[in-house]
Amino acid sequence: MVAGKRTKYLKIDPRVPELHKIRLAARILNRGGVVAFPTETVYGLGANALDARAVRRIFRAKGRPSDNPLIVHIASFRDVQDLVAYLPPRATLLMQRFWPGPLTLVLPRSEVIPDVVTAGLDTVGIRMPAHPVAQALIRAARLPIAAPSANISGRPSPTTGLHVLKDLRGKIDAVVDGGPATVGVESTVLDLTAPVPTILRPGGVTYEELASVLGEVAIDPAALGEQAEQPRAPGMKYKHYAPRGEVFVVTGEIERVTAKIRALVADWQRLGYRVAVLATQETAPAYEQEPRPDHLEILGSRSRPATIAANLFAALRNCDRHQADIILAEAIAEEGLGLAIMNRLRKSAANRIIHA
Ligand code: AMP
Ligand code: MG
């Protein structure tokens, strides 16, 4: 669409999506438009994956570098066949176990997929989202839908329809608002074309779950914050998930972390900066006394990382609303969903890690 054109806003019931709204959004996709829609992970910005012109509109709206590939979303198992050159046996196993759900499989691509979708790679990332609105929309459009997260490139991913509007109003054809995304971090991207299945991006399906099905699973060094010489997925090299304030992640034993963050709050405030803290239920009381941060976000409970994942991106955006210059985030344990959470935090911090 032409920049500055009106973006349709369609509020929809996530449990029983109203059919006329789904059809309206599907028609826009069929005509080559771009539509943001809810998935269980984050909001996606979708276009017809088989139409190179439509897909280029996604890149333009987001300001996304053209060498960063998109994930193709489908709504039925049958749809995979046409999109891939062949299906390795373990792909079928994983699809049965984790689809629909937050797992993207990187597979050898077929020629129906335009280069712009895969950034010229000979592989394609495919996933079947679990969200009823995403499923209804893909079915109604009768198309595979290419969709990255529906944010301006580099910003925190959107977990509500309003986050999408904030970033992309006037740049896309429509937003389907089906309420907050429940998982809150993106899908796990698993490369099945490597000799050992390799996690390129940790996400909603955990390493532990994948290992229980596959036995051996590798994690790409870049996903762990180590500098890979040659990133496997181009998206891994970009600045990501970043609010306007500078994020620092503080690691170490928990009492030392809270003490260190309190000292840093005092230091930065003395220099005249506005400081936000990303804390957990267990640690929040430490920041409810002097020196008080200018803004405190309580992400969730350390014993339930899913609560932290669900709130993470909204919390980063809230820090912007509160005009935080500095955002101090507590590290959490890198197990289960914690691996994905720490991956996003480290990237939003551009690897500024402080050891307490
Ligand atoms: P986004 O949804 O904005 O987070 O972007 C999708 C991400 O999926 C990209 O940044 C890549 O890391 C990954 N991805 C998509 N397709 C491929 C592929 N063919 N090979 C490797 N990674 C991929
Ligand atoms: Mg993204």
Side-chain angles (χ1 to χ4, degrees), residues 1-64 68 70-76 79 100 114 116-117 127-184 186-187 313-314 317:
M1 70 178 282
V2 181
K5 210 170 112 183
R6 195 174 127 77
T7 297
K8 278 198 181 63
Y9 178 74
L10 302 165
K11 185 117 191 146
I12 201 161
D13 183 337
R15 278 156 308 173
V16 196
E18 296 91 328
L19 203 54
H20 68 279
K21 295 182 184 172
I22 290 290
R23 286 197 180 127
L24 177 56
R27 259 199 312 276
I28 298 172
L29 290 169
N30 277 293
R31 288 180 191 149
V34 287
V35 176
F37 61 96
T39 82
E40 73 278 22
T41 58
V42 302
Y43 272 68
L45 182 60
N48 177 359
L50 307 179
D51 177 350
R53 279 185 55 192
V55 172
R56 276 197 286 273
R57 294 195 175 105
I58 294 177
F59 283 87
R60 219 176 299 141
K62 287 187 53 128
R64 185 179 177 98
N68 194 359
L70 308 184
I71 292 167
V72 177
H73 294 69
I74 58 172
S76 100
D79 299 343
V116 58
V117 172
R127 107 168 171 100
M128 187 191 292
H131 198 291
V133 172
Q135 289 187 356
L137 183 58
I138 298 165
R139 285 222 175 84
R142 298 180 189 197
L143 290 170
I145 300 295
S149 51
N151 51 281
I152 296 283
S153 195
R155 297 264 304 144
S157 301
T159 52
T160 69
L162 293 183
H163 293 164
V164 177
L165 279 180
K166 180 103 182 28
D167 278 18
L168 297 174
R169 189 200 291 268
K171 296 183 171 170
I172 61 177
D173 296 296
V175 179
V176 181
D177 185 342
T182 49
V183 177
E186 296 85 345
S187 61
F313 287 131
R317 284 175 179 263

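Applying the side-chain contact (heavy atoms from CB on, under 4.5 Å) rule to A150 yields the partners A36, Y43, L45, P158, V164, L168; only residues at least two apart in sequence or on another chain are considered.
Under a 4.0 Å N-O distance rule, the pair R57/D51 does not qualify as a salt bridge.
Minimum heavy-atom separation, K62 to S149: NZ-O, 2.5 Å. When every heavy atom of L70 is checked against every heavy atom of A146, the shortest pair comes out as CD1-CB, 4.0 Å. Scanning both residues, V175 and G161, for their nearest heavy atoms gives CG1-O, 4.1 Å. Closest heavy-atom contact between S187 and I71: OG-CD1, 3.9 Å. Between V117 and A49, the closest heavy-atom pair is CG2-O, 3.5 Å. Contact detail for G46 and I145: the closest heavy-atom pair is CA-CG2, 3.6 Å.
Under a 3.5 Å cut-off, the side chain of T7 and the backbone N or O of I172 do form a donor-acceptor pair. Counting only distance, with no hydrogens or angles, the side chain of K21 and the backbone of K11 share a donor-acceptor pair below 3.5 Å. With hydrogens and angles ignored, the 3.5 Å screen pairs no side-chain donor or acceptor of D13 with any backbone N or O of P17.
Here the CZ-CD1 distance, from R139 to I74, works out to 10.5 Å after rounding to the nearest 0.5 Å. Interatomic distance, CD1 of I12 versus CG of L19, reported as 9.0 Å (0.5 Å rounding). Put simply, OG1 on T160 and NZ on K166 are 11.5 Å apart, with the number rounded to the nearest 0.5 Å.
Using modelled atom types and a 3.5 Å distance limit, the side chains of E186 and S157 yield a donor-acceptor pair.
The shortest distance between side-chain heavy atoms of V35 and V176 falls below 4.5 Å. Side-chain contact between L50 and P144 is present, with at least one heavy-atom pair separated by less than 4.5 Å. At least one side-chain heavy atom of P129 sits under 4.5 Å from a side-chain heavy atom of I138.
Within the structure, side chain to side chain donor-acceptor pair (under 3.5 Å) pairs that include any residue of residues 127-138 comprise T39-R127, E40-R127, T41-R127 (at least two apart or interchain).
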*Show your working on side-chain contact (heavy atoms from CB on, under 4.5 Å) between R317 and D167 and close with a plain yes or no.*
CA-CA 11 Å; R317 284 175 179 263; D167 278 18; 3.0 Å; yes
Taking distance alone, no hydrogens or angles, what donor-acceptor pairs closer than 3.5 Å link side-chain atoms of residues 22-32 to residues at least two apart or in another chain?
residue : atom : partner : partner atom : Å
N30     : ND2  : A26     : O            : 2.9

